[in-house]
Amino acid sequence: MNNALHKTLTVAIPIYNTALYLEQCLSSVLNEMTPPDVEVLLINDGSTDRSAEIIDSYAQAFPEQTRVIHKENGGWGSCINLAMKSAAGKYFRILDSDDWVSRDYFPLYIKELREINTDAAATEMVEIYSGGRQKIFDIPSGIKGSVSSMSDYIKDGSGFPMGMLTVRTSLLKRGEMEVSERYYSDIEFILKAVTSAKDVYFGCGALYMYRKTDNNASTAQLGYARHRRDFLRMSLHLVQYRSTVGESLPPETKQFFDNDLLRIGRFSHQLYLSPIYHLADVPPNTEELRRWSEELRRLAPELYRKLGKVRRKGIPCIWIWRAFNINLYNIIKLWK
């Protein structure tokens, strides 16, 4: 790749065994309409299917716009950490390898990015289900093409799915922006990126096409149950980050961050205490949750205290479990 050419956007694509969808993904960002100031980072996370072959064929066809990294399997977050360090573009966005972008809007969006200087940009995202049903995460028409301070936008609790978000690369090259290497690192990336940005530009179209699988509830519950530890690890990373940057954040951003941490803390308890996540092949070890809870009390005593006050149907389940080791989630159906 010709590194002498200024790159407006780096698109980071972490890839692991998605050969079935990869052609659609890569052809949406690497085609005859792709602007020359786009850099596409293809990070192969130890794929064992045809993904590596497909990656290399696109790199050969578009050598000026691609960089390929083949690595041992380390998880989605490990790919993102590597991409953030390697990115050459002024802006950075993530494209999962089973999703794609609008080929028509992508060049227009690059034109928009060339003309702005905000810390972040947001575009509409479309969830696409296997039966053709769609759900649009839209941006109100009145703010398209405009700029807002991030703190003003998020003060009412509004946030962004990952597919809507583009971030100034220089914000992501700070050491504390690294994310957990395996599961739930997308949650960490979004919250860190949103709370780091001072302002956001709202793009004029729908860019990201998110392939939504029709997994049923039990499949999702099994996934969460298998990776409880990863969720706890991710949550502590965010708590540590919040303590590092907290005093520099605007009040509205602090509140947004703290509200998200409270939701993450509540869900951490549900993963270990709620019967819907008590599956035979992955039973919960509540001692892990108790150790996590003690670490949380050390790192973030105020968040620890707030979690103790959380009530479901009037009952402080978390406080009762902490104080008496009684799990009320096992007694009444509070999770409904």
From the list Asn44, Asn17, Thr18, side-chain hydrogen bond (donor to acceptor under 3.5 Å, both in side chains) partner of Ser97 resolves to Thr18

Ser180 (side chain) donor-acceptor with Arg182 (main chain) under 3.5 angstrom:
no

State, yes or no, whether a side-chain contact exists between Met150 and Glu252 at a heavy-atom distance under 4.5 Å.
no

For Tyr109, which of Thr8, Thr123, Thr166 qualifies under side-chain hydrogen bond (donor to acceptor under 3.5 Å, both in side chains)?
Thr166

Within this structure, what is the OH-CZ distance for the pair Tyr129 and Arg133, rounded to the nearest 0.5 Å?
4.5 Å

Parallel, tilted or perpendicular: which fits the ring planes of Phe324 and Trp319, with parallel below 30° and perpendicular above 60°?
perpendicular

Once you round to the nearest 0.5 Å, how far does CH2 of Trp321 lie from CG of Leu328?
12.5 Å

If you round to the nearest 0.5 Å, how far is CD of Gln221 from CD1 of Ile276?
4.5 Å

Using modelled atom types and a 3.5 Å cut-off, is there a donor and acceptor pairing between side-chain atoms of Lys192 and backbone atoms of Glu178?
yes

Shortest non-hydrogen contact between Met33 and Pro107, atoms and distance:
O-CG, 3.6 Å

Option passing salt bridge (Lys or Arg N to Asp or Glu O under 4.0 Å) with Glu295 (candidates Arg297, Arg298, Arg291)
Arg298

Applying the side chain to side chain contact (heavy atoms under 4.5 Å, CB included) test to Phe92, which of Leu9, Thr10, Leu165 qualifies?
Thr10

Under the rule for ring-ring contact (aromatic ring centres under 6.0 Å, His included), what residues qualify as partners of Tyr277, not counting sequence neighbours?
Phe267

Nearest 0.5 Å please: distance from the OG atom of Ser130 over to the NZ atom of Lys212.
12.0 Å

Quick one: does Thr169's side chain have a donor or acceptor within less than 3.5 Å of a partner on Gly89's backbone?
yes

In one Ile/Leu/Val/Met/Phe/Trp/Tyr side-chain cluster, 4.5 Å: Ile43, Ile80:
no

Mind checking whether Ile54 and Trp100 sit in one hydrophobic cluster, side chains of I, L, V, M, F, W, Y counted as touching below 4.5 Å?
no

Looking at Asp199, Thr118, Asn117, which hits side-chain hydrogen bond (donor to acceptor under 3.5 Å, both in side chains) with Arg168?
Asn117

Run the side-chain hydrogen bond (donor to acceptor under 3.5 Å, both in side chains) test on Tyr241 and Ser196 for me, step by step, so that the C-alpha distance in whole Å, both residues' side-chain angles and the decisive distance to 0.1 Å come before the verdict.
CA-CA 11 Å; Tyr241 177 76; Ser196 295; 2.8 Å; yes

With rounding to the nearest 0.5 Å, note down the distance linking CZ in Phe189 to CG in Asp186.
10.0 Å

Exercise: identify the closest heavy-atom pair between Val38 and Val40
CG1-CG2, 4.0 Å

Under 30°, 30 to 60°, or over 60°: which ring-plane class applies to Tyr208 and Tyr210, parallel, tilted or perpendicular?
tilted

For the salt bridge (Lys or Arg N to Asp or Glu O under 4.0 Å) test, which of Arg114, Lys7, Lys111, Lys90 pairs with Asp37?
Arg114

Evaluate the side-chain proximity of Lys173 to Met84: yes if any heavy-atom separation is below 4.5 Å, no if none is.
no

